[in-house]
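Any value given below was found using the heavy atoms of this structure, including those in side chains, with hydrogens, waters and symmetry copies removed. Chain letters run A, B, ... following the sequence lines, proteins first, then strands; residues in each count from 1. Quantities reported herein were computed from a predicted structural model and do not represent experimental measurements.
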Amino acid sequence: MSNPVVTRFAPSPTGYLHIGGARTALFNWLYARGRGGRFLLRIEDTDRERSTPEATAAILKGLTWLGLDWDGEVVSQFARKDRHAEVAHAMLARGTAYRCFSTQAEIEAFRAAEKARGVSYPVFLSPWRDADPASYPDAPYVIRMKAPRSGETVIHDQVQGEVTIRNETLDDMIVLRSDGTPTYMLAVVVDDHDMGVTHVIRGDDHLNNAARQQMVYDAMGWAVPVWAHIPLIHGPDGKKLSKRHGATGLEEYQAMGYPAAGMRNYLTRLGWAHGDMEIFTTAEAMAVFDLSGIGRAPARLDFKKLENTCGHHIAMMDDAALLQDLEGYLAAAGRPALDETQRDRMLRAMPSLKERAKTYPELIEKGHFALISRPVVPDEAAARALDSVSRSILKSLTPQLQNASWTKDALETILNGIASGNGIGFGKLAAPLRAALAGRSVTPSVFDMMLVIGRDETIARLSEAAD
RNA sequence: GGCCCGUUCGUCUAUCGGUUAGGACACCAGGUUUUCAACCUGGGAAGAGGGGUUCGACUCCCCUACGGGCUGCCA
């Protein structure tokens, strides 16, 4: 009964998937999925000069990593060019468009002359708008929309409110080029209409375009979709996001070790809010995501908060799922894969590891003890902890560990006993233990490490360090 | 230049005419501790400026400043 929501993400394949584009896709996906609607994907590849199949592949890969799945086949805008031309001619037939024989040189000359005269916004009015077809020359022509010359076009935008554009400031835009290919303004409307898109959620760099596109809907007698123009994302300095801010491509974030779940959470909160809700699952986001919660000002990227958000998600994730996601990171970052022993130890170490890592590189670093194999090579700080006194204490430890029951409580009792027996605090004993077990001075709890690698490996590492 | 949009702690934001302007990240201090984190407690921190409207403005209107977008036979 109620018309189902259909949203779409329509990137142009001229490069990687931009972080801002990723958020636009996320908003569209959240909105549709949260309402049982459909989320479609269309590649706007009509610019043959700049579009590449590699970029398309990168975009699909990025969306897949972020966990944004789309319904149906990916639509190629270029493949639909005949339909676009068909609509342009339909507009001609309806009298809402006309053939224009003005050349680009003539138009440029007009604009230059107007500017020279002090007209700051030269609107080119084609002399062919109301020309008699009998006067048409045998020459290339474009098809222009016959836009209303007076009055206003009002965009009812779910984010920006009512935006009014005076029609006199808009020219008769070209819908079909002289080579018969469609312009973006035409293609986007035809495709959105044909695909049944009900809600157009996109960057506010398209806000002005919406007025002209609305004219195309009107010219064809089609229903105008719900508009929602969201602000762009800026770099930490408030300037437009660019390469000098570092990571702008989504795949870079994956390679930096941010979990997709954390990225989704962070990106959802960037420019959208629902009261004090900060950390949430995707299901929770879907349940409450709406257009009215989107802010109107551009948001800045904050890596600290991204990290913090990711840290919460790493801690929230199920151990097995976390390990799998971690391995995905390893592959994406071009780091060596885990072998059986490493995987087994990491899985067992996960409960204590995941509480303390914000990113996967951090998780790997904290899990260093679980990934190495003997002989353990101590780093500089760890080597200092292994002085002769410490080594002799470690040596005295092994017999007791041989018969201990391998639980945290039992180990704690034994180690505390050793420490007090040697007249030192537990901290003093922990340092050489860390060095022996992990080769590091900074590690997880010594008990957790011992439990993870097991009795035999523990004793072996301690013995090797003691010699 | 013109048109359009925006402006609450350093950052992301809540507030939808009446609040000690709330939360989160970050920062600072203290606590806990087995190192690092994590965690707990506390702290400093905001309505761009100026006019209106109103009994009362962060909230509504206007101007200015600043930021962004658009201004293509690009998307």
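- Donor-acceptor pairing under 3.5 Å, judged by distance alone, is absent between the side chain of R440(A) and the base of C36(B).
- R434(A) comes within contact range of at least one nucleobase, with a heavy-atom separation under 4.0 Å.
- When Watson-Crick and G-U wobble pairs are counted only if both distances are under 3.5 Å, C66(B) pairs with G6(B).
- The residues R356(A) and E362(A) are annotated as not salt-bridged, no charged nitrogen and carboxylate oxygen being separated by less than 4.0 angstrom.
- Between K304(A) and E307(A), no side-chain nitrogen of the basic residue sits less than 4.0 Å from a carboxylate oxygen of the acidic one, so the salt-bridge criterion is not met.
- At a threshold of 4.0 angstrom between heavy atoms, the contacts of Q160(A) are confined to the sugar-phosphate backbone, with no base atom among them.
- For K354(A), no side-chain nitrogen or oxygen approaches OP1 or OP2 of A38(B) to under 4.0 Å.
- Distance check on atom P: U41(B) versus C55(B) gives 45 Å, rounded to whole Å.
- For the P atoms, the distance from G23(B) to C5(B) is 34 Å, rounded to whole Å.
- Inspection of the S126(A) and R144(A) side chains reveals no N or O donor paired with an N or O acceptor under 3.5 Å.
- Between R177(A) and A75(B) there is a side-chain N or O to OP1 or OP2 distance below 4.0 Å.
- Side-chain proximity of A430(A) to U13(B), C25(B), U34(B): nearest is U34(B).
- Both T183(A) and L270(A) lie near RNA chain B, and the one whose nearest nucleotide falls closer to the 5' end is L270(A).
- Rounded to an integer number of Å, the gap from F78(A) CZ to C74(B) P is 14 Å.
- Across C74(B), C4(B), C36(B), the shortest atom-to-atom separation from the side chain of L207(A) is found for C4(B).
- For the pair R212(A) and D172(A), the salt-bridge criterion is not met [side-chain N within less than 4.0 Å of a carboxylate O].
- Nearest-nucleotide mapping onto RNA chain B: of R144(A) and L232(A), the residue sitting toward the 5' end is L232(A).
- Distance from the side chain of E44(A) is smallest for A75(B) among the nucleotides G10(B), C70(B), A75(B).
- Using a 4.0 Å heavy-atom distance criterion, S102(A) is classed as a base contact.
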